[in-house]
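Inspection log for the structure reproduced underneath, given as structure tokens.
All values below were derived from every heavy atom in this structure, side-chain atoms included, with hydrogens, water molecules and symmetry-related copies excluded. The structure presented is a predicted model; accordingly, all values stated were derived computationally and were not measured. Quick note on labels: first sequence line is chain A, next is B, and so on, each numbered from 1.
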Amino acid sequence: MEQPFSSSKVTVEYFDPHDVFKLLAPGLIPRLPLRDLHWQSHNGPVRSIQTLHIELVPAGAVNATVPPSTSPPPKIAISPPLEDGFQAATVGGRSGSTEQAESIGAALRAPGPAGKERRHQIPGLRRTPYLKVLLVRCDDNETYKSTTRAEIREWIKINTPPAQNKPASNAENHDAFEWLIIHVVIPNTVAATQPRIAGSKAPDSSSDATTKTSTSRWRGGSSTLLEKLRNDFNGSSKTAVDRVRQIRIGINDVPYDLLPRVVPAVPTGYHETEQDSENAWADTIGKVKELILSSFDTRVSQYEEDIKERDGQRALPGWNFCTFFILKEGLARGFESVGLVEDALMGYDELSVGLDAIIQEQAIAGSAEAHGGALLAYTEELKNLAQKAISQINRADGEVDEEAVDMQPNEKGGVADFDNIPISPSKKLYRELILANNVSLFDFRCYIFARQISLLLRLGNAWSTREELLAKLKEQQELIPRGVAPSTPMPKHADESENLSQLAEICRRTLEFVPAVSLVARKDIISALGSAKEAEEISNGKQLSLDPVLLEVTENVVASFAFSVAQQILAQTSTKALPIPPSTLAAPDGHEPKAAIPEPKTMMHPARNSSLQSRIAQRPPPSPIGFFPRATDSEMANSSYAKAGLEELAARRAELYSLSRNILEVCGKKRGWSGGWADVPMVGESGVSEMEDISLDDDDSSKKEAPSHSIAIQASMAGLKNELLQTALEKKEDFYRLYEILTDKALRHYTVAEHEHSIQANMADLAVLKFHLKEYSDAAFYFYRAIPFFGESAWSLLELSMLLMYAQCLKELRQMDDYVTKALRQLLVKAAAAERDRVQQKSVFRRGAGTKTQFPEQSAIAGYFTDLLTTSSALEKEVKIPLTSFFCDIELDGPPVHEEGQDSFSVYLKLHSLVVDEFEAQKLSLRISTAPVIGGLKEIWLQSKGPVVIKPGRNKVQLQSTTTMAGSYEVDQIRLSSSKVLLHYEREVGQPPDKAMSVLRNPRVALYQRASSLDVQLLGTKEVRLDKNNSLDLEISAGWNSIKSLEIKIKSATGGLRLLMAETLVLGALQPAKRTEAGSLTFGAIPAETSFKIRFPFTVEHDMLHVAVKAEVSYSTDNGTFSFSKTSSVPITLALGVNVQDVFKHDALFSRFTVSTATASPLRIFRSELLGSALFESHFGSPPSHPIVVFPKQPASLLYKIARKKGVRPVHKKKQTLFLRIYYSVLLDEIEALFEKLLTEELVEAGLGEYAKVIVTKVLAWVAHGGGLSGYDLEKAALLGELPTAFLTDVKWEKQFPGIGPLTADGSGGSAESLAAFVRGWLERHPKLLLPHPDLKDAATVQPSTIVIPVDIPSITIVHTADIRLQEPLDSVTQGNEDDDGEEGGGYPTVCTNQLLPATLHLKWTRMWDTTTIDPSAATAPGGGKKATTPAPLARTQDLEFGYEITAPADTWLLGGRRKGRFIIPAVPDLESDEGMASTPDTEADISLLLIPLREGWLPFPNVEIREVKSSAGANGSGETDGVGGFMLPVRDMDIVRRITRTWGRR
Amino acid sequence: MATAIPSIACLGVIGRNNNPLHISILPSYDPSTNAFAPVRTPLQFSLLLSSTLDVFELRARHNAANNIGLTGDYGLLHAVDERLASYGFETNTGVKFVVIVDMRGRRIDGSVAAGMVDAARRGAAAVGLREGEMKPVFKAMQTAYIKLLQNPFFDPDEHSPPSGTGGKKITSKKFADDIRRIGENWTPGVTAL
């Protein structure tokens, strides 16, 4: 009978004739197991054996008194004489029932102690001690001589190999062993008083080696017992091994009753110290190790030799794999027994591969017997099992009771093989079977696998193995006689941690083993039961199906077996080192189902109570939603990194759980219980519609072959031998319960392993299961966690169907908010996305029809959108969803369409709806807006007329707007609202269209005004008055609208522009019905085709070139209400610039106006007039007969003489101002007008009149601003009177008219192309435009612009006139001879140098130009820029004193006379009269001068400088004189220089 | 004796971003109905494929640590149950091929081509599948994928965007046909597909 303990043991047999083992044991046992053995193998490195357990077997303990002559020594019951030298492990199989069952079975099969005869046949089957120990008690030399020596001799003779020197036979070497004599010395005996070695009485620490030699040297002398022993038994040769050891038992260790009372010998004084005994023990143990290794070495060498030999014979006929196997296994076992587990494992691995190879070879050869020996075709147990199951099925269905009764004994009986511990090397007598060539492949594989697993378990230091070893050890230790205190403390067995990677390796192997062995098992059963006839038929292709009953049974048996294996390995690899997070299964109310099915582990492996079970039992109370321990996960993960292989083990275990789960699932599927996936609602594959056979409930149709059996089969439990599986499959609830537990366990293990994908997959499994079981809140939770994961990495198929279920969950749970926002929304979005893919794919594969697309069927999602809409209406908040989620291919269809007869336009929007359902959108609107540039953002909303029905697929919706704003727009918003759901799409204006997106590839919309629509035009007035606020004209033309009412709002669209709306003037008959301050005017009915102007002044804060005004018109006609908005800008810069230069004379003022162009364009001045004022009158010469053309570099001068009217007092400043009015036209304007006129005329002729505005605007834009006409061009045009149009031909006209489409929906009218063609044609017809040559008489027709410039006459207090006159008339001496210049010098007075020229300086003055008035506000003259520094009344009512000074350059003139002097101008006595206003001869001064010119040439007269002399407060004289003198001096200088001889210097 | 031999139940191509590129599901022989039907629902196959990604990751990490080449046959990834097992292969661009083998997805009968019988018998005899058995499948799949990549209209970035998430499925009909053909033609022992 086999003992389920580890195989890592070496048997050491002891023969204890004197019953001293019990004395020895207290010292020996604690020193076991042996540690740190080092074995040098023949072909490898030194192997270290950490610990080697020793099994001490007494030889002939039962009949201790029997003289040792009995041969061979019978073995006692504890170590049954099985053929197995190494006790195999039965790991984990310690459950009582199993043991019992096996003991029975084993007892029945036990072949009895018949190992002897097989000895030579099958080497490696021997279970023999590695070491035989003889325990000798010999108290004194006499005893030794008389009896003991003989006894020992006898023992040696029996037990040792015949001769140490002679080479042992193979068979013997297989059992090679060593022997050792231990002399146990009892205290109080003679032996105890002897020192170990004679002559060295001191407690020596001499080594064994010296002892050995000294022993031989002292041979024959008076020696101690030990020496005697050594002499007698160690052999004589030098190479002989020392085989004698002495152990002295301390006096305290000997039970009192055993202690010899009398000390028979004289004490020698020798005393054994603690140290000595320690040494002795160490020495002994060392010897034991040495000897064990030595015998091990012998055995290994022998085995290896044998294997080599057998392997070499492989090719020979008759070679049997089984024999080879046993041989090789022997070696492996040998390795194992000394703890070299890796080597052992390697051996088994090689065997496994070898088996595969053999089978493969046999398969190829076609004959089993051909090579390597045949294996059994089937396994008896499997066959029995299957047969029973079949008969069970075939019995009447009604006999349930009988069936149940029958099954019980079966399970208890021999059929229990596959029950719970399917994999165990000791389950059957595998080795015997193999040896007898009586093994099936299935058994063979199982055995190898079992052995591998057990070895791995040892390697992994699995708790099961370890505990067995410890238990054994303990057992040994308990053998120590009670009452005797152990001399050495029990060695501490450190809880060595398990090697998790080895455990993982076990799982990995299992994962490979299970599918493989399942296959084998299937074949096995089928070949066992499938009749030969059937097979024949099948091979002939006649019958394609097996007997369904057999099939069913096979399935069951195999599934059960696989399941059991998985469960067993799971149990064996469970470890406390693997922290598994608490179950998430604990639903708040999930207690009751648990009672229904016991915890699987409890049922199967009671031993596991310690680890996992307790955990489950102590599961913390489930927390509410969100209870999944994410945080704990990470904590655990952190802490667990320390453990190598932890993750792998967790992953493998999880896989095993998954495996079990899957097996269960397959079994359940037959019963129509699925994990939920099979009937995931509504999602199927378009291509795979034949899925209905999954549910076998309606198998009448599917099982055509065996309709009679079908019902019996599907419910059949027959062949399911795994209790757990059986329980689970008995009831649906239990099935789901187990399914859930297994999934959950897998999930938790994966969590530890951090296998994210698998976690999610299990999560999904759980979710689907829960959903299937209608536990919606749990399901929702799992869905919630799993869905995003799959969504992220584009597993859309999974995501979609899960979303569908999620949605249902939420619906069931009445979480409407979540239902709508989370589930439905996502679901639909994803569905739409899938649909989009489909659409796109379709577009890719136009030709390839019938591809198997893996997209959800449309019907699956049908109704959900409507559901979304209806549910959302109950929600408080609006549900916003991006439009692109449900629609693709959103495009504008064509340019905007203008409607005939009214000012509205519409745009067609194409949408491809991805929603399966047809639904009604309450409103569909679209916003177009311009890029935010000058004039602010312009937006227009276009809306559908009423609700729109959106069908799946393509839709075209008309969106209309009654707002007209010409311009270029981009669509930036689309909104579709239906109940509370708002689908929206937004984009940035100017954002480049995304190519990947199928939305609005061309978002641009260009709106233009039709010629006959209502229009507002902003015009600058043609009359510009610089002295008043200018005004702007807004011309409103009703177009074709008969307006019932109209409201216009005028706003400034330029910063700094202020419109003075209060002064608005409406020109025309129509007057506003109401006007408000804010610039809005309301009008009543306006008939069609009328127009009126609104004129309003404006001011600007700073100079600007253009001003823009926005006019918003809303008006209603019979067709409804429309709005119109236009921002237009006009230039407000003056087209011309005027400079004035004033020359004051005594009684007249000459003003020269220089008119220059302000732009590059030439001007045409028709005429000008200076309007006199109350004080002044103007005179002009004869006007030119033709309009003057002013070029930019060629200003025109207009000279006016201004005289003061007689008898008019300066009363008011305003009255004095003159106004210069110039009638002019700008050439560019003329050209533009010409273009417009010609274009419009021809457009109307061509029937494109409606486009006139667009075309004219575009053309003019090119003419004026597009760089078409340069200043040079204009100049040329002005000179030549004609303008070539060639500069416009290069323009790409097609691009100038974006968004222009047919006028009406029926397509009449033109497109951009036709307009461009027209423009081109026009340009061809008009290569040159003749500019009109307006005559003066045409001025009225041309309607030139006018500008009125106020001209102020600067006020000057006093104008002095200084006149130097030569007294004598000078002769003209230049009669042609002395005139250098060749000029006609005749008549010019000429003087000589150094000639005395008497002259008179005549000083005149006048106050006439003092136009200051009393009005202090007029103190500043606006026009002239000169300041009357002295307040007018003061200046006039005071005497003013002036000083004059005549200066001349010293090298030019020599001056004589009074060069400086003063004079006083009297105050005006009466302001009202002319008296005193000008000098009279009385008040004029004549001053004689003498001038002597000093050099030749044209000499200017000397300068006369007149300054005001400040008499009263003369502090700042210079400042005061500026006004008078400063003004005059420069003029005078110039004049004198120029006219020195023509005119006399005046002033 | 009716012998069931392994056949391919599902072929999956998974992109660099762990997104499915292509999934072909092949029917397996169902002895009880004597018909061919997929053993799992497409969703379950999807889940199975998804679960293998962990193993890919693990092996890739392991390979990187041991300085083994980027392209790799990863062998058995999962034993799903006693019938299904998944095998994996990863290209150096991170595209993964997964083969889910049904251990008894096909049966030998008269309809099997004569040339296949020998191979099939061998396959049937073999205890389990050797790792090497999958090599031709992966080779063929890779060839098919390379053919797909050579199509200038195929934009790999579209299917595995560099952004790291998502990606579209492969819509090439030719590729799908190739994969399907591979799945249908494979039997154990076939050396070239």
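Residue B/Ile14 touches chain A through its side chain alone, counting heavy-atom pairs closer than 4.5 Å. Contact annotation for A/Arg661: neither backbone nor side-chain heavy atoms come within less than 4.5 Å of a heavy atom of chain B. When heavy atoms are compared at a cutoff of 4.5 Å, B/Leu77 approaches chain A solely by way of its backbone atoms N, CA, C and O. Residue B/Leu84 does not touch chain A at all, counting heavy-atom pairs closer than 4.5 Å.
The OG1 atom of B/Thr52 sits 8.5 Å away from the NE2 atom of A/His757 when rounded to the nearest 0.5 Å. With rounding to the nearest 0.5 Å, the separation of CG in B/Asn18 from CD in A/Glu756 is 11.0 Å.
B/Ser51 and A/Ala761 make their closest contact through OG-CB, 3.2 Å (heavy atoms, listed as atom of the first residue, atom of the second, distance).
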Could you go step by step and tell me if A/Asp765 and B/Leu47 meet the side chain to side chain contact (heavy atoms under 4.5 Å, CB included) rule? CA-CA 9 Å; A/Asp765 278 337; B/Leu47 271 187; 3.4 Å; yes
